[in-house]
Amino acid sequence: MEKNFESLTPKNDIDISTYEEALSFALAEKTITNIALTGPYGAGKSSVIESYKMKHPEKGFMNISLTHFEGNEATGTNILEGKIINQLLHQIDYNKIPQTIFKR
């Protein structure tokens with residue numbers, strides 16, 4: 001029996017014409033400080049972002065991954081903010097932020 005598998009990793013070459021104008025507008029508008037791209041698992045959110053990044057190499061991007069925990073895992077605002085800051089700090093060369101006390 002032959003099995004057909006498909007990768008669930010994001011693609012970076014999909015048609016994003018529906019989203020590209022909206023993303024470019026939102027990223028250029030100084031008053032917009034948050035952009036949300038939502039949808040169910042497997043809808044292609046990450047593929048839209050990866051394709052946009054490939055089409056616009058002049059823009060700088062940082063990846064931050066968050067997950068949802070249930071049960072005994074703490075998901076308070078302070079912990080969430082800490083996870084975001086930790087991921088940001090590990091993507092920036094500490095020589096570019098000399099005031100930091102954090103070294104990798």
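Within the 4.5 Å cutoff, no side-chain heavy atoms of Leu23 are placed close to those of Ile16. Inter-residue side-chain proximity for Leu37 and Tyr52 is flagged as unmet; no heavy-atom pair is nearer than 4.5 Å.
Legend: salt bridge (Lys or Arg N to Asp or Glu O under 4.0 Å) pairs involving residues 39-51, not counting sequence neighbours, sorted by first then second residue: Glu50-Lys53. Within the structure, side-chain hydrogen bond (donor to acceptor under 3.5 Å, both in side chains) pairs that include any residue of residues 30-41 comprise Glu29-Thr31 (at least two apart or interchain).
Taking CG of Asn12 as the reference point, atom OG of Ser47 lies at 8.5 Å (rounded to 0.5 Å). Atom NZ of residue Lys59 and atom OG of residue Ser24 lie 6.0 Å apart, to the nearest 0.5 angstrom.
In the hydrophobic clustering of ILVMFWY residues, with side-chain heavy atoms under 4.5 Å counting as a link, Met54 and Ile14 come out apart.
The environment of Glu58 atom CD is dense: over 12 non-hydrogen atoms of other residues, nucleotides or ligands sit within 6.0 angstrom.
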